[in-house]
There are 2 protein chains.
Amino acid sequence: MLAKTMNHQILHTLENKNVRPTPMRMLVLEQFLQNRTARSLGELEAAMPRADRITIYRTLRTFEEKGILHAITDGSGATHYALCPDACEPEHHREFHPHFHCIRCGRTLCLDITTQPPASLPGGFQLLDMEVQLKGVCPECG
Amino acid sequence: MLAKTMNHQILHTLENKNVRPTPMRMLVLEQFLQNRTARSLGELEAAMPRADRITIYRTLRTFEEKGILHAITDGSGATHYALCPDACEPEHHREFHPHFHCIRCGRTLCLDITTQPPASLPGGFQLLDMEVQLKGVCPECG
DNA sequence: CCTCCATTTGCAATTGCATTGCATCCCCCC
DNA sequence: GGGGGGATGCAATGCAATTGCAAATGGAGG
């Protein structure tokens, strides 16, 4: 992907979600557009040595609020964030997308498939959101 | 449930899983048998003021290793543990059981239903385990 | 162009959960 | 009765998450 195209996509996404396109935000979003693995704050910090940890932290929160990223808690100890296949909306992530955590390389990947919530919940439960974590071995490690 | 019955069940479970039935372990297991909500270390500590935090922590780990409890990471910041409807086996939790996190009361409940992993994963992915988190409003809060 | 205000950023410090080390205690086995 | 392994309790540490505050930035209005 050409840099120019990438930049366009970044700006488009940020404006679309009502997030002011600051350099830091563009940098963080670029990280996520480069590939579809979920990143933790620590990983992002390592990938962008010049950026301040706390600023990245708040950028991630902002992105999550605005529906650009969503948080994944894959049991690795640190919250991971990932850009979703299709854009989610603020306050409500509409897609039921599974995340695959590879036990070998430790990466968490967004899968491009959708999963269905259980056909029938016990009485009285009102379902608003769902998160599916898959664990196993990814193609590159298998 | 009568106390005697409860005690029997506790002893039975512990021996069945090759866990020596110490007073502390019986106490912790009793907490989980009393109801089916998932508990964090902090919640257990509060429920058993005389018990040492670290000991509870290690008891939970032991229970998890031996297949009595399993860990749930529901995004609340603290790992929760829950007794499962049917016993899991050490090293491998065989049942794909969803957990329901109520956004009102904050409790995480084990649901007595099973969920199916996605019918088809993209090529090369090897599935070993699955965790399904449901979020919404529970019957008591609805 | 300058000023004011809101947002964003950077640094410091704190909180809270998870984890480990070590000494002690208890129980089973010899 | 003594030895050894598991269990417990206390202290201390590591790491992620979070907040407070001050400085920098950018846009709106005069």
Side-chain angles (χ1 to χ4, degrees), chain A residues 10-11 13-15 17-31 38-66 68-82 90 101 106-108, chain B residues 10-11 13-31 38-82 90 101 106-108:
Chain A
I10 292 172
L11 283 170
T13 302
L14 290 178
E15 283 165 15
K17 302 287 184 178
N18 282 314
V19 178
R20 249 171 45 192
T22 68
M24 171 65 59
R25 285 168 178 174
M26 294 179 68
L27 209 56
V28 171
L29 184 49
E30 186 184 26
Q31 292 291 321
R39 324 292 183 85
S40 68
L41 175 55
E43 288 163 357
L44 288 169
E45 193 187 6
M48 302 181 293
R50 305 184 48 179
D52 178 68
R53 176 184 187 82
I54 312 304
T55 305
I56 303 175
Y57 169 73
R58 280 189 274 228
T59 301
L60 293 174
R61 289 213 133 191
T62 303
F63 281 4
E64 195 195 359
E65 275 174 25
K66 298 307 179 80
I68 296 174
L69 297 179
H70 64 274
I72 307 168
T73 141
D74 62 3
S76 67
T79 303
H80 282 64
Y81 294 86
H101 181 72
R107 290 184 306 164
T108 295
Chain B
I10 292 172
L11 284 171
T13 301
L14 291 177
E15 283 165 14
N16 210 314
K17 302 286 185 180
N18 281 314
V19 178
R20 257 176 33 196
T22 69
M24 172 64 61
R25 285 169 177 173
M26 294 180 68
L27 209 57
V28 171
L29 184 50
E30 186 185 26
Q31 292 291 321
R39 325 291 184 84
S40 68
L41 175 54
E43 287 163 357
L44 288 169
E45 193 186 7
M48 302 181 292
R50 306 184 45 179
D52 178 69
R53 177 186 186 81
I54 312 302
T55 306
I56 302 174
Y57 169 73
R58 280 189 274 230
T59 301
L60 293 174
R61 290 213 131 191
T62 303
F63 282 4
E64 196 196 358
E65 275 174 24
K66 297 307 180 78
I68 296 174
L69 298 178
H70 65 272
I72 307 167
T73 141
D74 62 3
S76 68
T79 304
H80 281 65
Y81 293 86
H101 181 72
R107 290 184 306 165
T108 296

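The chains referred to below are lettered A, B, ... by the order of the sequence lines, with proteins before strands, and numbering in each begins at 1.
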Below 4.0 angstrom from OP1 or OP2 of [N], is there any side-chain N or O of [X]?
X: B:Thr79; N: C:dA18; value: yes
X: B:Thr22; N: D:dT8; value: yes
X: A:Tyr57; N: D:dT18; value: yes

- [ ] Just call it for A:Arg50: base, sugar-phosphate, or nothing, with non-hydrogen atoms closer than 4.0 Å on any strand.
- [x] nothing
Under 4.0 Å, counting only non-hydrogen atoms across every strand here, what does A:Arg20 touch: a base, just sugar-phosphate, or nothing? sugar-phosphate
Write down the distance between [atom1] ([X]) and [atom2] ([N]), rounded to a whole number of angstrom.
X: B:Leu44; N: C:dC17; atom1: CG; atom2: P; result: 13 Å
X: A:Arg58; N: D:dT25; atom1: CZ; atom2: C1'; result: 15 Å
X: B:Asn18; N: D:dA7; atom1: CG; atom2: P; result: 11 Å
X: B:Ile72; N: C:dA18; atom1: CD1; atom2: P; result: 13 Å

Of the candidates C:dT9, D:dA17, C:dC11, the side chain of A:Met24 sits closest to C:dT9
Ranking C:dT20, D:dT18, D:dA7 by distance to the side chain of B:Arg25, first place goes to D:dA7
Checking the side chain of A:His80 only, and the main-chain atoms of A:Ala78 only, is there a donor and an acceptor separated by less than 3.5 Å? yes
